[in-house]
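The block underneath contains the structure these notes are about, expressed in structure tokens.
Bear in mind the structure is a predicted one, so any value in this text is a computation, not a measurement. Below, each value reflects all heavy atoms present in this structure, side chains not excepted, and no hydrogens, waters or symmetry copies. Lettering follows sequence order; numbering is per chain, from 1.
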Amino acid sequence: MEPLNQTVQFAVMTEIEFTSWHKWSESPYFDLKSFYETFDGGQSFAWDRHADYIEGRFLKSIFRLRLENNRILFSIPKTANLETEERSLANYLAIDLDFESMRDSLPWRSDSILKQAIDAYPNLRILRQPLSETLLGFLCSSTKQIPQIKQILRLSAESYGETIIAPFKSLPDWDRLAKLEENQLRNLKLGYRANYIKQSADFLKENPDFLSKLSSLPTQVAKERLMQLPGVGEKIADCVLLFGLGKMESFPIDTWIEKILIRFYQLEGYSKKQLQQFAFSHFGASAGYAQQFLFSAARSESIKI
DNA sequence: CCGCAGGATACTG
DNA sequence: CAGTATCCTGCG
């Protein structure tokens, strides 16, 4: 027996063919740090880092991305449709939004903390991820660290996803999740979150248009609606609005951001509600973008809490 | 083995 | 309102 050989053979058998690297003329400009942080910095759980590229999937798409001369090159499975995938990448990256002007609209001229954060990740972007997957990801996220959330989602896809191209599987959609028993969900290491997923899946089944209707609503209304779902409080609602619907004014306050705001803006004693109010009045219409700068910078210790 | 982690909720004062 | 126990699991 030669286990090593078997392993190698298995790897070869299951490996699928990817295209060579495509230049992408619409690519936003990225420095390397901002590139990695955008895809694998906490707004998405869909991407894994490899030696010289990142690999990720959303809905039925699989992408490898890397940077060359500050622009994205992409590679997709050879069987995928190039034009379709390119459009879907453009939407995912929200290239219709002008992040440079949003960045310029932030109060960095008078806010040296924010300026430091922006300097650390100048080309950071907010992704516009599929709403259903964003909701699922953040419903899994409470008191979990990113690697654990990724593990839950990986297990969910392996167990109940649909094969995109073997061996790649999508995440299970909400219809599929609604068909699962709570103990099947618990096997995904969801713990008490299993109940949230189960009840949310049932709710979405009863209200099939719920998610698709959200995007046209005013942000505050959409937020209240999202918070009707079990397991969705303010923080998760704001994450879904920001990372799944491109609502840039949404300002998720987790324990990190709470610490950052209190520490750097001298807001001791402020409640979450008051912090939210501060964020809106200080950062303005793109407060969520400011949040991501501060979050990323603090996480990498570019600004020290 | 214990404490805790990028949270929500129900319940208490 | 503000504070707190509880919900699970895996990892350090």
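Once rounded to the nearest 0.5 Å, the distance linking CZ of A:Phe18 with OG of A:Ser20 reads 12.5 Å. Here the OG atom belonging to A:Ser200 is positioned 11.0 Å from the CD atom belonging to A:Gln228, to the nearest 0.5 angstrom.
A:Leu190 places its CG atom 17 Å from the P atom of B:dG7, with the value rounded to the nearest Å. Nucleotide B:dA5 holds its P atom 14 Å from the NZ atom of A:Lys235, rounded to whole Å. If you take CZ of A:Phe138 and C1' of B:dG6, they are 9 Å apart, rounded to a whole angstrom. Rounding to whole angstrom units, CD1 of residue A:Ile152 and P of B:dA5 are separated by 17 Å. Atom CD1 in A:Ile260 sits about 10 Å away from atom C1' in B:dG6, given to the nearest Å. In this structure, A:Lys144 places its NZ atom 13 Å from P of B:dG7, rounding to the nearest Å. Atom CG in A:Leu139 sits about 15 Å away from atom C1' in B:dG6, given to the nearest Å. Between the CG atom of A:Leu226 and the C1' atom of B:dG7 there is a distance of 16 Å, given to the nearest Å.
Under 3.5 Å, the side chain of A:Arg299 and the base of B:dG6 form at least one donor-acceptor pair of N or O atoms.
For A:Ser75 (side chain) and A:Trp21 (main-chain N/O), no donor-acceptor pair under 3.5 Å exists by modelled atom type.
When heavy atoms are screened at a 4.0 angstrom cut-off, A:Gly231 is found touching the sugar-phosphate backbone but no base atom. Using a 4.0 Å heavy-atom criterion, one finds that A:Ile236 contacts the sugar-phosphate atoms exclusively. Nucleic acid contact class of A:Thr143 (heavy atoms, under 4.0 Å, all strands): base. Backbone-only contact: A:Arg186 has heavy atoms under 4.0 Å from sugar-phosphate atoms and none from a base.
DNA chain C contains the following stems of three or more consecutive Watson-Crick or G-U pairs, with both distances under 3.5 Å: B:2-5 with C:9-12, B:7-13 with C:1-7.
Separating the P atom of C:dC8 from that of B:dC11 is a span of 16 Å, rounded to the nearest Å. When the P atom is used for both B:dG3 and C:dA5, the distance is 13 Å, rounded to whole Å.
A:Asp119 has a carboxylate O that lies under 4.0 Å from a charged side-chain N of A:Lys115, or vice versa, which qualifies the two as a salt bridge. Ion pairing between a basic and an acidic side chain is recognised when a charged N comes within 4.0 Å of a carboxylate O; A:Asp202 and A:Lys198 show such pairing. Looking at A:Glu158 and A:Arg154, no side-chain N of the basic residue comes within less than 4.0 Å of a carboxylate O on the acidic one, giving no salt bridge. Between A:Asp104 and A:Arg109 there is a salt bridge, with a side-chain nitrogen of the basic residue lying less than 4.0 Å from a carboxylate oxygen of the acidic one.
If you find the closest nucleotide of DNA chain B to A:Gln292 and to A:Met227, the one lying nearer the 5' end belongs to A:Gln292.
With A:Ser296 as the partner, the side chain to side chain donor-acceptor pair (under 3.5 Å) test is satisfied by one option alone out of A:Glu37, A:Gln291, A:Gln43: A:Glu37.
In 5' to 3' order, the nucleotides of DNA chain C bounding all contacts with chain A (an atom under 4.0 Å from a heavy atom) are C:dA2 to C:dG10.
Between A:Phe138 and A:Phe243, the ring centre distance stays below 6.0 Å.
Proximity note for A:Gln148 (side chain, C-beta onward) versus B:dG7, B:dA5, B:dG6: the nearest is B:dA5.
Here the side chains of A:Pro107 and A:Leu114 are in contact, with some heavy-atom distance below 4.5 Å.
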